[in-house]
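The next block holds one structure in the form of structure tokens; read it before the comments.
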Amino acid sequence: MAPRPDLAPDPSLSRAEMEALQEEIADVAVFADRDLGFDPAEPAALSNPLAATAGGGDPPTVVGVDQSFLLTDDDREDRAISAVVATRAGEVVERVSEVTPLEIPYIPGLLSFREGGPILAALSELSVEPDLALFDGSGRIHFRQAGIATHMGVVADFPSVGVAKSLLCGTPRGETEGLAEGDRVAIEADGDVDAPKGTLLGYAVQSRQYDSPGRHINPLYVSSGHRVGPETAAGAVLELCSDYKLPEPVRLADAYAEDVKGEYVE
DNA sequence: GCGACAG
DNA sequence: ATCTTGTCGC
């Protein structure tokens, strides 16, 4: 495979052109493990220093991507702060951020056309090569199987995973309320998705859960972005969650994006 | 017309 | 996403 800058999100396209581009993205995307820089059977190498060193070579580089926003009255001068944090065996090795003007409003299903450009701008400042990139949003769990994680993975050509806090589309194969920590429930294609009904799109993943009843934490919705299969995606996210609901790289990117925003306000 | 969806 | 106080439970 190779990077596909020609498929980068262009905010000036018409809605129909955006949707057509997403169909093309989904067409070239690989929703299975391919050329991974780590062993999917040993996800511990992603966060555990001991397991990471065991193999002999360099520990895989895992990056988390997230954004914060500077919103205005009329949403014509909104800016996005994109943050990327790179980790290796659980340690931060690099972080970059970029402030970018936003061209279009948020439209469900077309998120990557609003936020994708800003994210690519930040990624271009990164000096390390990601072995895995985690995004705040959907991957294959998308109407046209081309969520922001898939779009970014295909354009930059690195393994990517979508980590969403709510379900965009698709149907869980079972109950997703009050799951136990480590549980996963398959999300399959339904009539709203451009894929054969029943196609496995991803998993509801319970990364954290309270011990006692009463209150419960909602699961994350994890899906393949590009070059990662659904099981590996779910396993990687669980491995990368230590003490919080979000996988560490994404949590760190979220905090960094908030920090940078703080320098523009208050 | 009804339904309705990441960030 | 962002704007915000209090409040529940460990």
Side-chain angles (χ1 to χ4, degrees), chain A residues 9 11 15 18-19 22 25-26 64-84 99-120 122 134-153 160-172 176 178 181 187 189-194 201-205 208-225 233 237 243-247 250-251 253-262 264-266:
Chain A
R15 180 168 189 140
M18 290 180 180
E19 293 178 351
Q22 290 183 324
I25 296 286
V65 181
D66 192 29
Q67 298 170 300
S68 61
F69 299 85
L70 291 167
L71 303 178
T72 56
D73 297 316
D74 53 31
D75 50 9
R76 301 192 38 155
E77 289 181 30
D78 293 353
R79 285 175 296 173
I81 294 161
S82 309
V84 181
V99 180
T100 316
L102 290 164
E103 316 276 340
I104 59 173
Y106 164 69
I107 299 169
L110 298 177
L111 178 67
S112 68
F113 289 89
R114 170 177 166 85
E115 306 180 357
I119 286 173
L120 290 171
L134 306 182
F135 291 86
D136 196 32
S138 285
R140 194 182 190 182
I141 296 179
H142 179 275
F143 308 117
R144 290 165 292 282
Q145 305 183 80
I148 193 161
T150 300
H151 202 152
M152 298 296 96
S160 64
V161 168
V163 181
K165 293 180 288 296
S166 61
L167 190 60
L168 174 62
C169 60
T171 304
T176 59
E181 202 166 291
I187 304 297
D190 55 24
D192 294 335
V193 181
D194 184 17
L201 300 176
Y203 287 97
V205 173
R208 294 289 288 171
Q209 189 53 282
Y210 294 130
D211 296 313
S212 56
R215 248 185 354 180
H216 63 77
I217 298 173
N218 294 136
L220 291 174
Y221 295 92
V222 180
S223 56
S224 305
V237 166
D243 297 331
Y244 302 89
K245 171 174 176 173
L246 290 175
V250 174
R251 200 179 71 81
D254 178 272
Y256 186 36
E258 282 302 314
D259 280 359
V260 174
K261 183 170 78 168
Y264 287 80
V265 295
E266 287 169 359

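Just the heavy atoms: all of them, side chains too, but no hydrogens, waters or symmetry mates, feed the values below.
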Could you give the [atom1]-to-[atom2] distance, from [X] to [N], as a whole number of Å?
| X | N | atom1 | atom2 | answer |
| --- | --- | --- | --- | --- |
| A/Phe135 | B/dA6 | CZ | C1' | 14 Å |
| A/Asp78 | C/dA1 | CG | C1' | 10 Å |
| A/Asp211 | C/dC8 | CG | P | 21 Å |
| A/Lys245 | C/dC10 | NZ | C1' | 18 Å |
| A/Leu70 | C/dA1 | CG | P | 15 Å |
| A/Leu201 | B/dC5 | CG | P | 16 Å |
| A/Gln22 | B/dC5 | CD | P | 18 Å |
| A/Ile107 | C/dA1 | CD1 | P | 18 Å |

Enclosure of A/Asp211 CG (heavy-atom neighbours >12, cutoff 6.0 Å): no
Flag if over 12 foreign heavy atoms under 6.0 Å of CD, A/Glu258: yes
Please check the phosphate of [N] (OP1 and OP2 only) for any side-chain N or O of [X] closer than 4.0 Å.
| X | N | value |
| --- | --- | --- |
| A/Lys165 | B/dA6 | no |
| A/Lys261 | C/dA1 | no |
| A/Ser166 | B/dG7 | yes |

Sugar-phosphate only, base, or nothing, as touched by A/Leu220 at under 4.0 Å among non-hydrogen atoms: nothing
Touch class at under 4.0 angstrom, heavy-atom based, for A/Ile141 against every strand present: nothing
Heavy-atom check, side chain of A/Asp78 versus side chain of A/Arg114, under 4.5 Å: yes
Student check: side-chain heavy atoms of A/Met18 and A/Ile104 closer than 4.5 Å: yes
Closest to side chain of A/Pro108, choosing from B/dC5, B/dG7, B/dA6: B/dC5
Under 3.5 Å: donor-acceptor pair, side chain of A/His216, backbone of A/Tyr210: no
C/dA1 pyrimidine/purine six-ring stacking with A/Tyr106, under 5.5 Å and 30°: no
